[in-house]
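In what follows, a single structure is set out as structure tokens and then discussed.
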Amino acid sequence: MAVRVRYPPSPTGFQHIGSVRTALYNYLYSRGQGGTFVLRIEDTDRKRFVPEALQDIYDTFAWLGFHWDEGPDKGGAKGPYLQSERLAIYTSYVDELLARGQAYRCYCTAERLEGLRKEQESAGAANPSAQGYDRHCRWLPESERQEQESAGTPSVIRLAIPLEGSTSFVDMLLGEITVENKSISPDPVLIKSDGFPTYHMANVVDDHLMEITHIMRGQEWLPSVPMHVILYHALGWSPPAYCHLPMVMGKDGHKLSKRLGSTSIRDFRAQGYLPDALLNCIAMVGWSYDGSRELFTLKELEELFDIGKLNKAPGVFDYQKLDWFNGMYIRAKSREELADLIAPFMKEAGLPSDDRSMLQGIAGLVQERVKTLSEVPGMVRFIFEEPLAPTRDDLLPRKSDPEKTVDALRRLQALLPELGGSPVASEARLRALAEQLGMKLGDLLMPLRVAVTGSKVSPPLVESILVMGVDEARRRAARAIAILEQR
RNA sequence: GGCCCCUUCGUCUAUCGGUUAGGACAUGAGAUUCUCAAUCUUAAAAGAGGGGUUCGAUUCCCCUAGGGGCUACCA
């Protein structure tokens, strides 16, 4: 049977590291198996729906560069792929369950449920097992049921979980798992009072109707599997294969959340991470190829991904490692590619971003010393905006007299117009000057570096000057000389 | 509280009974270098604890501990 997997986000927040990893593994598995990858939007919670989040799903995966074969934007034979457009389907199946007595209407009010919860909390250890709904309406006499119906009391529909026995299933990663029916959430809601299905109902019905063969998702779903299995059986279906992935956690050891710094993909994008780097890094949390190789393109991952190499233990997403990955990918780009990537960040920072040869020059300046694209403007701002006037202290190397430094700066200033062409040739001329003065090139250049860049730390000076233009560099050198000559 | 899952360097991981327990990030030291980076070399760094099984356990089983998840008319 052809493999069909799905990624079912709910549009309640932005796509983040954890959700994208789940999507990625599903995608990779579908590619490796020659299967189909389906996107299904689980928008059954009207209160939490945020339209921006829906758009974010499309934007994120377009940027990351992998896509589904069937989905709301793409169509497909098993649609619609928006759960809010499938309401009639869910009700028809729940009617069957109702008719067979496998589900029942519950008229309990939110207040009663709340009171029940409080009661159970205070009962504490005295009543260890029975937590959750007390199944009050499951045993409602027919007369009372009629009464509620004619009174028009709002109701939900609950699944009647078997009171005895146990339910088991096999997880591809975790093996066989068996749970006592007694410990399954007592009679979960299938249809809410607003007529929308809950996740439990919708995902079971849709996975079956969409002929999903494998469910790959985070381990936080593990506890609800027995209940889903019961639902499948109640509907006369058999469940798909399960594979529960280890969770991705933040540095605090908890499930990734907004508060721990940015985890949303759009934020990483804004900070100047490259999609390939991010994907590569995400893929390595919970899966590894052989423990030594860790640089992979999407294409390679598609071929190499293997469920057997998944890890069972949850993993912490390492931001420092992401920086390293990003640096590797930035360095692997060509000047031209990097120039294109840099342009929007220059523009965003209010710096020139249209001159391609200039951008390529900048790419050369920063390529080996930047971890994210957003660092670029700060690193090259001095090229476009004259830095604050340096102080004497900054200009004067330790243990060096002002006269010598001024003299060196003068010589440099005079030499500047002759620079040009290749950085190598320019550097050779400066090296010759240093030799002539009996100085090390580094010592000769430091005052000029401060004069030109405003800092002792900068991209390579010679190349920077060439990008900036020698005239501007001369002006700044002159300014530095003036500062040193002030008494 | 109950149920479920997990447990190798600080972090991501390799090992599918026999290894000096390997790699990577981060960290320290050194080399190189026009500063900073990048690059190269190098150092330190791990099998939670206790029982078994076995000629032999990081590896298989059990217990304990620790961590995480779930326990909604959210997904």
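Lettering of chains follows the sequences in order, A, B, ..., and the numbering in each one begins at 1. Heavy atoms only: backbone and side chains are in, while hydrogens, waters and symmetry mates are out.
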Between B:rU8 and B:rU58, how many Å separate the two P atoms, rounded to a whole number? 15 Å

Does any pair with a residue in residues 216-226 of chain A pass side-chain hydrogen bond (donor to acceptor under 3.5 Å, both in side chains), and if so which ones, sequence neighbours excluded? A:Tyr199-A:Arg217, A:Arg217-A:His244

Taking atom C1' in both B:rA38 and B:rC74, compute the distance separating them and give it to the nearest angstrom. 47 Å

Can you tabulate the close N/O pairs, meaning under 3.5 Å, that link protein atoms to atoms of nucleotides 43-47 of chain B?
none

So, taking the atom named CG in A:Leu430 and the one named CD1 in A:Ile465, what distance separates them when rounded to the nearest 0.5 Å? 7.5 Å

Less than 3.5 Å apart, any donor N or O on the side chain of A:Thr153 or A:Gln148 sitting next to an acceptor on the other? yes

The criterion is ring pair (Phe, Tyr, Trp, His ring centres under 6.0 Å); which residues satisfy it with A:Tyr93, sequence neighbours excluded? A:Trp237

NA contact type, A:Gly218, heavy-atom cut-off 4.0 Å: base, sugar-phosphate, or nothing? nothing

Residue pair A:Val316/A:Val179 against RNA chain B: nearer the 5' end by closest nucleotide is A:Val179

Separation of atom OH in A:Tyr319 from atom C1' in B:rG10, rounded to whole Å: 17 Å

What integer number of Å spans the C1' atoms of B:rC12 and B:rU27? 16 Å

Rounded to the nearest angstrom, tell me the gap between atom CE in A:Met284 and atom P in B:rA26. 15 Å

Could you please name the partner base of B:rU39, counting Watson-Crick and G-U wobble pairs only when both distances are under 3.5 Å? B:rA31

Watson-Crick/G-U partner (both atom distances under 3.5 Å) of B:rG1: B:rU71

Mind checking what makes ring pair (Phe, Tyr, Trp, His ring centres under 6.0 Å) contact with A:His16, not counting sequence neighbours? none

Counter-base of B:rA57, judged by Watson-Crick or G-U geometry with both distances under 3.5 Å: none

A:Arg145: which residues meet the side chain to side chain contact (heavy atoms under 4.5 Å, CB included) condition with it, sequence neighbours left out? A:Arg105, A:Tyr107, A:Leu140, A:Glu142

On the six-membered ring of A:Tyr7, is A:Arg40 placed so that its NZ or CZ lies under 6.0 angstrom from the centre and within 45° of the ring axis? no

Complement of B:rU7, any strand, by Watson-Crick or G-U distances under 3.5 angstrom: B:rA65

Heavy atoms under 4.0 Å is the rule here; annotate nucleotides 57-75 of chain B 5' to 3' with B where the base is hit, S where only the sugar-phosphate is, and - elsewhere. -----------SBS--BBB

No-hydrogen, no-angle side-chain donor-acceptor test under 3.5 Å, A:Thr372 and A:Ser374: yes

Listed by chain and number, what are the side chain to side chain contact (heavy atoms under 4.5 Å, CB included) partners of A:Pro417, not counting sequence neighbours? A:Arg474

Write down the distance separating the P atoms in B:rA44 and B:rG23, rounded off to the nearest Å. 12 Å

For B:rU19, what is the paired nucleotide under Watson-Crick or G-U wobble rules, both distances under 3.5 Å? none

Spacing between A:Lys312 atom NZ and B:rU8 atom P, to the nearest angstrom: 13 Å

What interatomic distance, in whole Å, is found between C1' of B:rU59 and the corresponding atom of B:rU53? 13 Å

Under the side chain to side chain contact (heavy atoms under 4.5 Å, CB included) rule, collect the residues that match up with A:Asp290, sequence neighbours excluded. A:Ser292, A:Arg293

Distance, rounded to the nearest Å, where A:Gln320 contributes CD and B:rC25 contributes C1': 7 Å

Listed by chain and number, what are the ring pair (Phe, Tyr, Trp, His ring centres under 6.0 Å) partners of A:Tyr81, not counting sequence neighbours? none

In whole Å, what is the span from the CG atom of A:Leu174 to the C1' atom of B:rC5? 6 Å

Aromatic contact, A:Tyr25 with A:Trp287 (centres under 6.0 Å): no

Considering only the C1' atoms, how many Å lie between B:rU71 and B:rU20, rounded to the nearest integer? 48 Å

Give one of base, sugar-phosphate or nothing for A:Asn311, where a contact means two heavy atoms less than 4.0 Å apart. sugar-phosphate

Would you say the base of B:rA26 and the side-chain of A:Lys321 have a donor-acceptor pair closer than 3.5 Å? no

note: A:Asn280, atom CG; B:rA24, atom C1'; distance rounded to Å ~ 12 Å

Rounded to whole angstroms, how far apart are CD on A:Glu294 and C1' on B:rC25? 7 Å

Output all residues satisfying ring pair (Phe, Tyr, Trp, His ring centres under 6.0 Å) with A:Tyr273, sequence neighbours left out; order by chain, then residue number. A:Phe268

Which parts of nucleotides 32-40 of chain B does protein reach within less than 4.0 Å, heavy atoms only, written one letter per nucleotide 5' to 3' as B for base, S for sugar-phosphate only and - for none? --BBBBSS-

Just jot down the salt bridge (charged side-chain N to carboxylate O under 4.0 Å, His left out) partners of A:Arg6, sequence neighbours excluded, or say none. A:Asp207

Between B:rG18 and B:rA31, how far apart are the C1' atoms? Round to whole Å, please. 40 Å

d(CH2, A:Trp287; P, B:rA14) in whole Å: 11 Å

In whole Å, what separates the P atom of B:rA26 from that of B:rC62? 40 Å

